[in-house]
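To start, the structure itself, in structure tokens.
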Amino acid sequence: MVLDLPISHPDFGRAQPCRCRQAEIALRRQAELTRVSNLDQLRHMTFETFRPDGVGLNEEQRQNLRRAFDKARSFAAQPEGWLLFTGTYGCGKTHLAVAIAHEVLRRGQSALFVVTPDLLDHLRAAFGPSSETSFDERFETVRQTPLLILDDFGAQSATPWAKEKLFQLLNHRYTARLPTVITTNLRLSEIEARLRSRLADPDLSTVAPITAPDFRSSGDSSTQELSTLSLHKDQTFENFDLRREELSEDVAQSLARAKAQAEAFTQVPQGWLVLTGPYGSGKTHLAAAIANRRLQDQHERTMFVVVPDLLDYLRAAFNPSSTAPLDIRFEEVRRAPLLILDDLGTESATPWAREKLFQLLNYRYAARLPTVITSSMPVEEQDPRLASRMLDTSRCTVVSILAPSYRGGKAQRAQKRRGR
């Protein structure tokens, strides 16, 4: 039968089953939803097994993940409106979405959890000769499900048919205000405009961006492939050699001052700390000691990167096989809670390299983000645009190490003899 509805209603002109068949249809739909959801394989993903404080996160990331967790629990308790989780691979989006599904199903209510590419395959299969249901019936089951959870939105092939079906599906649920949860690795700006306007509608949708890195790689984000801190894990304040026996008093004092400044910065990372001095004088050791101490005491993962490696990492985004565009890679580095740039000045001074370094450091200067820089060049010899910021004593502390290279010096030779 066809209901008498206004032309603006999404079900205008659509045939509806009579009441005598509604119970039978509901049971069949529930069985189909259960089969498509495939939640049995994800039964370990519950709110109880989720770690809302993450692993190895800094305080800002912990608070962000905790907020996402709280929003998921609130939504599961009372599914209303839309909830959109955004973030990188492995940050916890799918776990929270599955936990919502389990909680709703536990109460005896209906929910469909489905990976977006799998949903499209499920719909396409209705065109097969062996399909027991028509496409329209299968699409209607998904469209009208009391709670729809779409995982990995954006991972589907962007064919015209796929885009059209997803728009029809989400536009109907938007108009009917049906509870919907969506997870995506895309940023809102990367989503098609007609869907983005619905996903970002504050009257219906709550956007929960998750800034935590990939949990499956022990807290390392995609940019941690760039960080070389693991190569310096043995460099700490405790084993930093002040070399008092081989250096003159004023030179030894410059080394002691540098260590004291580095330890003070570690306690309260604010502004910039610039360590200059000859190669092998201890700059990198002190920078690594800062990062290792923050990891040990605050469980904060610092991005420790050699400047030429950073530029190579950014250039790699131009490769057609790159998994992340330049703007995303650059943004992750630019916004790192604590960034250590080792060996500034050793990079190829191309116009592109100079521009990227200026954009990076100018942002961190304006945003007052904690930054440590090591360089064998005096500040005055750096790019004038960078030097002017490093010389701002209200935001930057410059420490010059006068000691010559430790490598091959008396202290290192004595250490080798002791190790024999």
Side-chain angles (χ1 to χ4, degrees), residues 54-65 67-68 84-93 152 154-155 183-191 207-232 269 272 287-288 290-291 294-295 298-344 347 352-373:
V55 176
L57 304 182
N58 60 46
E59 184 58 29
E60 180 182 349
Q61 290 171 328
R62 278 197 294 271
Q63 291 180 5
N64 169 268
L65 189 59
R67 285 195 296 270
L84 173 66
F85 291 113
T86 66
T88 190
Y89 298 99
C91 67
K93 307 184 303 297
D152 258 354
T183 80
T184 182
N185 300 312
L186 301 176
R187 294 176 295 174
L188 275 173
S189 61
E190 298 174 304
I191 296 174
V207 180
I210 300 178
T211 59
D214 188 346
F215 175 81
R216 291 185 287 259
S217 59
S218 303
D220 289 342
S221 71
S222 60
T223 52
Q224 291 301 320
E225 67 190 62
L226 170 65
S227 181
T228 56
L229 182 60
S230 61
L231 302 178
H232 303 276
W272 290 11
I290 291 171
R294 293 295 298 176
L295 181 59
Q298 305 297 326
H299 306 290
E300 177 182 270
R301 293 188 178 272
T302 299
M303 186 177 293
F304 182 103
V305 57
V306 180
V307 174
D309 292 345
L310 166 63
L311 295 169
D312 284 347
Y313 176 78
L314 296 178
R315 289 188 190 98
F318 295 117
N319 191 309
S321 62
S322 174
T323 56
L326 175 64
D327 60 335
I328 291 180
R329 290 190 170 200
F330 188 69
E331 193 68 9
E332 289 176 336
V333 178
R334 194 171 73 151
R335 292 180 179 272
L338 175 56
L339 175 65
I340 297 179
L341 290 177
D342 193 32
D343 267 349
L344 179 67
E347 68 281 354
W352 182 86
R354 288 199 301 268
E355 190 60 29
K356 287 299 152 197
L357 286 174
F358 172 70
Q359 290 173 350
L360 169 64
L361 289 172
N362 184 59
Y363 176 85
R364 296 187 69 84
Y365 173 82
R368 298 175 179 265
L369 291 173
T371 307
V372 178
I373 300 170

**Request:** Over 60° means perpendicular and under 30° means parallel, so classify the ring planes of His232 and Phe304, tilted if in between.
**Result:** tilted
4.5 Å side-chain heavy-atom contact, [X] and [Y]:
X: Leu360; Y: Leu310; value: yes
X: Leu357; Y: Trp352; value: no
X: Val305; Y: Leu339; value: yes
X: Leu295; Y: Thr302; value: no
X: Ile290; Y: Val372; value: yes
X: Met303; Y: Ile340; value: no
X: Glu60; Y: Thr211; value: no
X: Asn185; Y: Asp152; value: yes

Taking all non-hydrogen atoms of both residues into account, name the closest pair between [X] and [Y] and its distance.
X: Pro337; Y: Pro370; answer: O-CD, 3.5 Å
X: Phe330; Y: Gln359; answer: CZ-CB, 3.8 Å
X: Ile210; Y: Ala68; answer: CG1-CB, 3.9 Å
X: Leu229; Y: Ala288; answer: CD1-O, 4.1 Å
X: Phe318; Y: Leu326; answer: CZ-CD2, 3.6 Å
X: Thr184; Y: Lys93; answer: O-CE, 3.4 Å

**Asked** Between Arg364 and Thr371, does any side-chain donor sit less than 3.5 Å from a side-chain acceptor?
**Response** yes
**Request:** Check whether more than 12 heavy atoms from other residues, nucleotides or ligands sit under 6.0 Å from atom CD of Glu355, and answer yes or no.
**Result:** yes
**Message:** For Val307 and Asp343: C-alpha separation, side-chain torsions, deciding distance, then whether side chain to side chain contact (heavy atoms under 4.5 Å, CB included) applies.
**Reply:** CA-CA 6 Å; Val307 174; Asp343 267 349; 5.5 Å; no
**Item:** Trp272 vs Leu361, side chain to side chain contact (heavy atoms under 4.5 Å, CB included): CA-CA, chis, key distance, verdict
**Value:** CA-CA 10 Å; Trp272 290 11; Leu361 289 172; 3.8 Å; yes
**Request:** Hey, could you give me the CZ/CZ distance between Arg315 and Arg329, rounded to the nearest 0.5 Å?
**Result:** 13.0 Å
**Request:** Output yes when a side-chain donor or acceptor of Asn64 lies under 3.5 Å from a complementary backbone atom of Pro209, and no otherwise.
**Result:** yes
**Request:** Quick one: do Thr86 and Thr183 satisfy side chain to side chain contact (heavy atoms under 4.5 Å, CB included)? Show the steps, please.
**Result:** CA-CA 6 Å; Thr86 66; Thr183 80; over 6 Å; no
